[in-house]
Each structure stands twice: as structure tokens, then as C-alpha cells.
Amino acid sequence: PWENREEVGFFPGLFKTLKETLFTPSEFFRKMPVSTGLTDPLLYALIIGMAGLMAHYFWDILFYNSLPDFIASEMKTAAGRSVAEGLRSPVAAMITPFLLIFWLFVASGALHLFLLLARGAAAGFEATFRVLAYSVSPFVFLVVPFCGMPIAGLWVMTITIIGLREAHGTTGGKAAFAVLFPFLFCCGLLIAAMVLFMGALAVSFGSMMHFHP
């Protein structure tokens with residue numbers, strides 16, 4: 001519907017596409033053309049993505065401003081302060097669309113690479129990009145404070161897996177591998193780093209306990 005907005009209208013096309021990607025993604029991506037350009041899906045992702053991110057920034061600023069009412073001033077100097085102040089910056093708001101575009105291309109490239117490794121990329125890079133761009137739809141849940149981010153993140157991953165499966169005509173397992181492997185790999189590296197750090201800390205502590213002047 002979004003790519004047919006000249007006939008259905010701008011907002012009807014936008015909202016119908018949003019509804020279909022969120023609630024009937026299999027049917028949506030099965031019908032989605034995979035080689036009609038990047039401009040329309042990119043514009044859709046920018047509109048939906050920016051709407052959700054601006055709402056998320058709003059909640060961050062609002063709740064940060066309310067922190068002095070019930071949190072000690074010492075805690076205001078923690079890392080959260082610099083994050084909230086950064087979100088307040090007009091510069092941050094101005095560069096967010098460019099960061100979103102950058103993320104779309106880089107993430108699409110990574111997804112397509114892993115699909116190729118799994119022999120699941122029957123269509124080209126354009127199909128992968130289009131899937132990820134329309135899978136930005138759950139960003140609308142960022143308007144919900146606190147739980148909006150995890151809901152959006154899980155929903156984006158789910159829709160992306162479904163979209164890759166349908167657009168490339170591959171299996172759900174290969175699509176899930178392309179989406180989840182980078183995430184699991186990073187988590188594995190983080191856990192390994194934490195284990196090594198704790199091990200080194202334990203060795204240092206043990207050495208100190210057995211140290212005799």
C-alpha cells in the first residue's frame with residue numbers, strides 16, 4: 001500500500017502498510033516486490049523510525065527531568081546524565097535520521113552476508129534491504145515508556161525473520177540464523193569477556209590473600 005500511495009493516499013498507504021507488517025507479515029512480505037527500488041522502503045523506515053525514536057527521546061528527557069524528585073543528586077552524575085543530555089541536544093535530533101539510514105544499510109549488508117553463508121539468499125541485496133526497512137514498523141511501540149524498547153526489539157527481529165523467509169523463499173531456520181547469529185555471537189563474546197575478567201580478578205584477589213611481606 002505504501003508504494004501505491006498515489007492511488008490510495010499518503011496516510012492510508014502508510015497506516016495500511018504499518019498494520020499489515022505488524023499483524024500479517026507473512027502475507028505482506030510474500031506479496032512485496034523485491035526489485036522496485038530502495039527509495040520507498042527507505043522513506044517508510046525514516047517516517048516510522050523517526051516517529052518512534054522521537055517519542056523514545058521524549059520519554060528519556062521527561063523521566064530524566066523528574067529524577068531529582070526522588071533520586072540523590074550524586075546519582076545524577078552517573079552515565080545516564082550524559083545520555084539524557086545528549087538526547088536533549090538539537091544536534092542529536094538532527095543526526096538521528098542519518099544514523100537510521102546508516103544502520104539500515106549496514107544491518108542489511110550483515111543480514112545478507114549471513115543469508116549467503118546459509119545459502120538462503122535467493123534474491124539480491126535489495127530484497128534484504130526492503131525487508132529490514134519495512135520491519136522498522138514496531139518502532140511505533142517506542143511511544144510506550146519503559147517496555148516499548150524491548151517490545152519493539154523483539155517484534156523487529158520476529159518480523160525480519162518472517163520477511164527474509166518470504167522475500168528470499170528460504171526456510172525459517174536460515175532466516176533465523178541470519179538474524180540471530182550476530183546477536184548471539186556478540187552475547188557470547190560479552191559473556192566470554194566477563195568470564196575472563198572475573199577469572200583474572202579472582203586470580204589477583206587470591207594472590208593478594210596469599211601475599212606475605
Side-chain angles (χ1 to χ4, degrees), residues 1-61 86-87 89-115 121-144 148-149 151-170 175 178-179 182:
W2 170 247
E3 298 184 25
N4 194 33
R5 59 188 179 277
E6 290 185 359
E7 295 183 13
V8 302
F10 183 91
F11 289 107
L14 182 70
F15 292 130
K16 190 174 182 182
T17 300
L18 181 64
K19 178 182 176 182
E20 290 183 4
T21 50
L22 288 176
F23 302 113
T24 56
S26 294
E27 181 181 353
F28 175 86
F29 288 111
R30 193 177 301 124
K31 296 185 301 182
M32 182 192 73
V34 297
S35 59
T36 54
L38 306 181
T39 304
D40 283 331
L42 178 59
L43 181 59
Y44 175 85
L46 281 173
I47 294 171
I48 299 298
M50 286 302 298
L53 289 171
M54 289 301 105
H56 180 65
Y57 290 174
F58 169 78
W59 289 122
D60 278 347
I61 295 169
L87 294 177
S89 171
V91 176
M94 290 173 61
I95 67 173
T96 298
F98 300 100
L99 294 177
L100 183 57
I101 293 171
F102 177 78
W103 171 77
L104 282 169
F105 279 97
V106 172
S108 296
L111 285 174
H112 197 69
L113 174 62
F114 284 109
L115 269 181
F125 169 79
E126 185 177 335
T128 303
F129 182 90
R130 290 171 65 83
V131 166
L132 186 60
Y134 285 118
S135 296
V136 167
S137 294
F139 274 44
V140 295
F141 293 107
L142 294 178
V143 301
V144 181
M149 181 64 78
I151 292 174
L154 290 173
W155 210 320
V156 166
M157 286 194 293
T158 302
I159 293 176
T160 303
I161 292 172
I162 294 172
L164 293 176
R165 182 192 68 195
E166 299 296 338
H168 287 279
T170 187
V179 173

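These figures come from a predicted structure and were not determined experimentally.
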State the [atom1]-[atom2] distance between [X] and [Y], to the nearest 0.5 angstrom.
X     : Y      : atom1 : atom2 : answer
Leu14 : Lys16  : CG    : NZ    : 13.0 Å
Glu20 : Glu27  : CD    : CD    : 6.5 Å
Thr96 : Ile101 : OG1   : CD1   : 11.0 Å

* Asked: Who are the salt bridge (Lys or Arg N to Asp or Glu O under 4.0 Å) partners of Glu166, not counting sequence neighbours?
  ->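 Expected list: Arg30.
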* Asked: Hey, does Phe139 have a side-chain heavy atom less than 4.5 Å from the side chain of Trp155?
  ->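 Not touching, per the 4.5 Å side-chain cut-off.
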* Is the closest side-chain heavy-atom distance between Val179 and Phe114 below 4.5 Å? ->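 Not touching, per the 4.5 Å side-chain cut-off.
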* **Pair Phe58-Met54, side-chain contact (heavy atoms from CB on, under 4.5 Å): steps then yes or no** => CA-CA 6 Å; Phe58 169 78; Met54 289 301 105; over 6 Å; no
* Output all residues satisfying side chain to side chain donor-acceptor pair (under 3.5 Å) with Thr36, sequence neighbours left out; order by chain, then residue number. =>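 Listed in chain order: Glu3, Arg130.
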For a quick test of reading the model, state the closest non-hydrogen atom pair linking [X] to [Y] and the distance between them.
X      : Y      : result
Ser108 : Thr128 : O-CG2, 3.6 Å
Phe125 : Gly109 : CE1-N, 3.6 Å
Ala178 : Leu111 : O-CD2, 3.4 Å
Phe29  : Ser135 : CZ-OG, 3.7 Å
Ala175 : Leu164 : CB-CB, 3.9 Å
Ala127 : Met32  : O-CE, 4.3 Å

* Could you go step by step and tell me if Val156 and Val136 meet the side-chain contact (heavy atoms from CB on, under 4.5 Å) rule? -> CA-CA 6 Å; Val156 166; Val136 167; 6.0 Å; no
Compile the donor-acceptor pairs under 3.5 Å between side chains in residues 39-52 and protein atoms, sequence neighbours left out, one pair per line.
unit_1, atom_1, unit_2, atom_2, d
Asp40, OD1, Arg5, NH1, 3.2
Asp40, OD1, Arg5, NH2, 3.0
Tyr44, OH, Ser137, OG, 2.6

* Testing Thr21, Ile162, Leu22 for side chain to side chain contact (heavy atoms under 4.5 Å, CB included) with Phe28, which one passes? ->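 Single pass found, and it is Thr21.
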* Asked: Is the number of heavy atoms from other residues, nucleotides or ligands under 6.0 Å of Phe102 CZ greater than 12?
  ->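 At most 12 heavy atoms, drawn from other residues, nucleotides or ligands, come within 6.0 Å of this atom.
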* Backbone N/O of Ala123 and side chain of His168: donor-acceptor pair under 3.5 Å ->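 A pair under 3.5 Å: yes.
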* Asked: What do the steps show when you test Leu132 against Trp103 for side-chain contact (heavy atoms from CB on, under 4.5 Å), and what is the final call?
  -> CA-CA 10 Å; Leu132 186 60; Trp103 171 77; 4.0 Å; yes
